[in-house]
Amino acid sequence: MPEVTPLPVSPPTRQPASRAADPSSSRAPGPRTATAGAHPLDNPARASLTGPHALFAQRRGRILRYHPDVTPWLALPDAPDAQDWADVAALAGPGASVTLTAFREPPPADWEIVFQAEGVQLVDHSVDAAPDPEAVLLGPADVPEMLDLVERTRPGPFLPRTVELGTYLGIRRDGVLVAMAGERLHPPGWTEISGVCTDDSARGQGLASRLVGAVAHGIRERGETPFLHAAASNTSAIRLYESLGFALRRRTSFLSAITPAEAVPPADARTPDQGTGSLEHVGR
């Protein structure tokens with residue numbers, strides 16, 4: 001399969017709030033690629049790394065991943081072969097953890113699966129997006145506070161440079177960061193809302209809902225459509241997002257696995273193309 005390149009997308013469209021999204025549909029309101037059957041949200045990490053987030057990409061052969069201190073997501077081709085898996089192992093290193101989303105096929109037999117879970121992908125259908133007067137913009141100087149909040153609340157992967165992926169907003173009480181939400185994956189025409197968390201001391205005040213609405217407002221202001229992921233088992237979070245106006249687009253999966261301690265590429269290995277910035281920058 002040739003290397004994926006960004007395809008033009010139509011401007012985002014949004015259905016009226018009175019029209020319910022079909023939960024069984026694999027399509028939803030919003031931009032689509034020009035190629036029939038292809039959609040940037042079907043393989044969102046790959047669409048991001050070959051598009052707006054290309055500046056964060058590390059590459060070997062057909063394998064792409066974010067820089068390890070930005071976010072752990074790695075992107076495979078839609079139909080990976082043995083050489084692709086060898087390139088994953090070579091890029092990540094022996095005994096390294098690899099995190100995949102929107103991928104259901106098992107890794108090779110000599111890989112150790114450490115985490116596997118079903119998930120859902122939700123898209124903006126009728127979100128009441130609006131700025132929040134209490135929300136403040138968070139940046140690199142706020143990362144220690146953000147990491148501390150993440151450690152207490154466990155919203156999902158958040159690393160020292162995750163804040164560089166997009167806008168992050170937070171709410172402080174008595175000078176302490178108690179809630180935040182921000183942007184992660186960025187397929188063309190779409191932006192994922194992620195890192196949504198609230199400290200136990202501030203729960204029940206609707207802070208997460210307000211921040212999601214504020215982040216969604218900024219995404220829409222750019223002419224893009226918000227989306228997000230959640231674990232299928234996290235029914236309370238899914239109910240919250242649906243109450244805010246998100247609708248199920250598709251079911252997906254999350255997988256973490258450990259590469260073999262000693263990985264030997266097949267004899268017909270492709271020429272590696274590895275390193276940060278090896279692609280042109282076209283951009284829980």
Q. Taking it one step at a time, do Asp84 and Arg60 satisfy salt bridge (charged side-chain N to carboxylate O under 4.0 Å, His left out)?
A. CA-CA 9 Å; Asp84 292 320; Arg60 182 182 176 95; over 6 Å; no
(Q) Looking only at the aromatic ring of each residue, does the gap between the centers of Phe246 and His125 stay below 6.0 angstrom? (A) no
**Q.** side-chain hydrogen bond (donor to acceptor under 3.5 Å, both in side chains) partners of Glu221, counting only residues at least two apart
**A.** none
Q.
Within the structure provided, determine whether Trp73 and Val98 are in side-chain contact (heavy-atom separation under 4.5 Å).
A. no
(Q) Test side-chain contact (heavy atoms from CB on, under 4.5 Å) on Val215 and Thr167; report intermediate values, then the result. (A) CA-CA 7 Å; Val215 174; Thr167 299; 5.8 Å; no
Q: Enumerate the residue pairs fulfilling side chain to side chain donor-acceptor pair (under 3.5 Å) with a member in residues 201-214, sequence neighbours excluded, ordered by first and then second residue.
A: Asp132-Arg210, Glu134-Arg210, Arg173-Gln205, Asp199-Ser201, Asp200-Arg203
Q: Answer whether the closest heavy-atom distance between the side chains of Ile193 and Ile219 falls below 4.5 Å.
A: yes
Q. Residues in side chain to side chain contact (heavy atoms under 4.5 Å, CB included) with Ala130, at least two apart?
A. none
Q) Is it true that His39 and Trp190 have ring centroids separated by less than 6.0 Å? A) yes
Q | side-chain hydrogen bond (donor to acceptor under 3.5 Å, both in side chains) partners of Ser236, counting only residues at least two apart | A | Asn234
**Q.** Parallel, tilted or perpendicular, as decided by the 30° and 60° cut-offs, for the rings of His186 and His53
**A.** perpendicular
**Q.** Which residues share a side-chain hydrogen bond (donor to acceptor under 3.5 Å, both in side chains) with Glu118, sequence neighbours left out
**A.** Arg104
Q: For the pair Leu165 and Thr71, evaluate side-chain contact (heavy atoms from CB on, under 4.5 Å) and give the outcome as yes or no after the intermediate values.
A: CA-CA 9 Å; Leu165 294 177; Thr71 192; 4.3 Å; yes
Q) If you look only at pairs with a residue in residues 192-218, which of them pass as a ring pair (Phe, Tyr, Trp, His ring centres under 6.0 Å), with sequence neighbours excluded? A) none
**Q.** side chain to side chain contact (heavy atoms under 4.5 Å, CB included) against Asp148, all qualifying residues, sequence neighbours excluded
**A.** Arg152
Q) Between the side chain of Ser97 and the main-chain N/O of Ile258, is any donor-acceptor distance below 3.5 Å? A) no
**Q.** Salt bridge present between Asp78 and Arg46 (N-O < 4.0 angstrom)
**A.** no
Q | Carboxylate-amine/guanidinium contact Asp87 Arg59, below 4.0 Å | A | no
Q. Between Thr191 and Glu224, do the side chains contain an N or O donor and an N or O acceptor separated by less than 3.5 Å?
A. yes
Q: May I ask you to test the Pro260-Pro94 pair for a side-chain heavy-atom distance under 4.5 Å?
A: no
Q | Residue pair His67, Gln58: steps toward the side-chain contact (heavy atoms from CB on, under 4.5 Å) verdict | A | CA-CA 6 Å; His67 193 280; Gln58 293 183 326; 3.7 Å; yes
Q) Less than 4.5 Å apart, any side-chain heavy atom of Glu145 and any of Leu138? A) no
Q. Partners of Glu242 by side-chain hydrogen bond (donor to acceptor under 3.5 Å, both in side chains), sequence neighbours excluded?
A. none
Q) Which residues satisfy the side chain to side chain contact (heavy atoms under 4.5 Å, CB included) test with Gln121, sequence neighbours excluded? A) Leu41, Pro44, Phe227, His229, Arg249, Arg250
Q. Any side-chain heavy atom of Ile63 sitting closer than 4.5 Å to one from Pro77?
A. yes
**Q.** Counterpart residues, side chain to side chain contact (heavy atoms under 4.5 Å, CB included), relative to Pro144 (two or more places apart)
**A.** none
(Q) Can you list everything that forms a salt bridge (Lys or Arg N to Asp or Glu O under 4.0 Å) with Asp69? Sequence neighbours excluded, please. (A) Arg161
Q: Kindly state each residue pair satisfying ring pair (Phe, Tyr, Trp, His ring centres under 6.0 Å) with at least one member in residues 128-174, sequence neighbours excluded.
A: Phe158-Tyr168
